[in-house]
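A note on names: the letters A, B, ... follow the listed sequences, proteins ahead of strands, and every chain is numbered from 1.
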Protein chains: 2
Amino acid sequence: MESSSATAGVSTRREATRQKLYEAAVTLIAEQGFSATTVDEIAERAGVAKGTVYYNFASKSVLFEELLRHGVGLLTTSLREAAESTARAGGGKVDALDAMIRAGLVFIERYPAFTQLYVAELWRTNRAWQSTLMVVRQEAVAVVEGVLREGVENGEFSEEIDVPLTAAALVGMVLVAALDWQSFQPERSLDDVHAALSRLLQGRVSGRRG
Amino acid sequence: MESSSATAGVSTRREATRQKLYEAAVTLIAEQGFSATTVDEIAERAGVAKGTVYYNFASKSVLFEELLRHGVGLLTTSLREAAESTARAGGGKVDALDAMIRAGLVFIERYPAFTQLYVAELWRTNRAWQSTLMVVRQEAVAVVEGVLREGVENGEFSEEIDVPLTAAALVGMVLVAALDWQSFQPERSLDDVHAALSRLLQGRVSGRRG
DNA sequence: CTTTTTGAACTGACTGGTCAGTGCAAAAAT
DNA sequence: ATTTTTGCACTGACCAGTCAGTTCAAAAAG
């Protein structure tokens, strides 16, 4: 019956079960897609009875929605921390962007399945969790947009840049490069990938020096 | 009594039906995903009986695979033409990249649903059409990689760039920016979006001039 | 010509299987 | 003592794929 128990954060047992279900669901859905993944499979992979899934989540869709919220929450936090820590260290906005690229890569390295699933769902329309997705997406992109906007204000970035579009392009750059890294050349190190993206960000691709 | 009519390539009727089915399938699958889209829906939207789908395609998966091949083929052709036409006009590799960005945007503007669906499926594993997808992906990315490699050879690009990774990042930049454009600010013009991406590509974001 | 035949293309009712979600009593954990 | 989990049988909707039958334009026959 408890609704949010006093201090020690909502009954550990339940939370542990939920976590197991998230983990099971995220890989299965990343591999197969939402509709092709059955509740029985999720329960089995989590090592839990089917009834438990429904004891913990109202429906398959709700499980998925909360998974999305949870995952993007982690990403957003991580991006924000990256930006703030460079600010504290007295770095400029370029450093902040660079740190956020790295934070993005670290996130994708740690949660590749979640990233896959997120990308696969992001531009779909007509789906139950569409609005949830829009909200969490905006939270994450807003962090990047914020840094860009501050950079324009303090003169570090050109006033001509299109903040939302550039933010989207940066996110896309990291996302797709990282997914390709994971899928097609997983032996590469994170530093390698980070260096390549840094170079691209700073326009050192068409650079005149060898 | 004819079996495949003399010259005029495989009965027009059949080809027209297939085309209608592609068009119906592409929007539905982009919106809902492969598994959530029923063959009945596809048939209905195409204005055709369900049996006709199976008369023309061996299965739902095969229909989808041929759709993928067809669509990526169009994109690849378009990218190649863009690169070649700048070459013929005596432009450098930066111009080629820029033209390819534009070609990508034009493609996405014309076939937004296909693009959506392609992105959503690209990083999935364990799916029937996985291998098909890898092949067509490589065809498209190879065009970008080719231009980058030539640019490195002729000294226009730094030798330090990581060709496959940079190619993936560029594709991602265009893809995500364009999908965001379509989804969240469709009123923007293609030229606008192109300009923003060009600026990013040429490192004129963190430029020192206002 | 006119009639008949042919066969590719198409139709839609039907089948067999799958799956989300339910119900509930008993067991385990806290 | 209460919350959480289990196990499992059950239901009803839904859906991929099938198949016997229809349509019709063009070819062959008369």
- [ ] Calculate the interatomic distance between A:Glu41 atom CD and C:dT18 atom P; express it in whole Å.
- [x] 13 Å
- [ ] Report the distance from atom CZ of B:Arg14 to atom C1' of C:dT11, rounded to the nearest whole Å.
- [x] 15 Å
- [ ] Give one of base, sugar-phosphate or nothing for A:Thr52, where a contact means two heavy atoms less than 4.0 Å apart.
- [x] base
- [ ] Measure the distance from OH on B:Tyr55 to P on D:dG21 and round it to the nearest whole Å.
- [x] 18 Å
Open item on the list: With a sphere of 6.0 Å drawn around CD of A:Gln19, does it hold more than 12 non-hydrogen atoms of other residues, nucleotides or ligands?
Closed with: yes
- [ ] Kindly compute the distance separating CD1 (B:Ile161) from CG (A:Leu200), expressed to the nearest 0.5 Å.
- [x] 9.0 Å
Task: Nearest-angstrom distance from the residue atom CD of A:Glu15 to P of D:dT5 - done: 10 Å
- [ ] Respond yes when some side-chain nitrogen or oxygen of A:Thr38 is under 4.0 Å from OP1 or OP2 of C:dT18, and no when none is.
- [x] no
Report all interatomic pairs (protein N or O, nucleotide N or O of nucleotides 21-27 of chain C) with separations under 3.5 Å.
residue	atom	partner	partner atom	Å
C:dG21	OP2	A:Tyr54	OH	3.0
C:dG21	OP2	A:Lys60	N	3.0
C:dG21	N7	A:Lys50	NZ	2.8
C:dG21	O6	A:Lys50	NZ	3.0

TODO: Looking at every strand, decide which applies to B:Val48 at a 4.0 Å heavy-atom threshold: base, sugar-phosphate, or nothing.
DONE: sugar-phosphate
Task: Nearest-Å distance for atom pair CG/C1', residues A:Asn56 and D:dT3 - done: 11 Å
- [ ] Scan A:Thr37 against the nucleic acid and name what it touches under 4.0 Å (heavy atoms): base, sugar-phosphate only, or nothing.
- [x] sugar-phosphate
Task: For atom CD of A:Glu44 and atom C1' of D:dC8, their distance in whole Å - done: 15 Å
- [ ] Rounded to the nearest angstrom, tell me the gap between atom CD1 in A:Ile29 and atom P in C:dA20.
- [x] 10 Å
Open item on the list: Nearest 0.5 Å, please: how far is CD in B:Glu44 from CD1 in B:Ile42?
Closed with: 11.5 Å
Open item on the list: On a heavy-atom basis, which atom in A:Arg199 and which in B:Glu160 lie closest, and how many Å separate them?
Closed with: NH1-O, 3.0 Å
Task: Value rounded to 0.5 Å, distance of CD in B:Glu145 from CG in B:Leu165 - done: 10.0 Å
Task: Nearest-0.5 Å distance that lies between atom NE2 in B:His194 and atom CZ in B:Arg188 - done: 14.0 Å
Task: Length of the NZ-C1' vector between B:Lys20 and C:dC10, whole Å - done: 10 Å
Open item on the list: Just checking B:Phe114 against B:Tyr22, ring centres under 6.0 Å apart?
Closed with: no
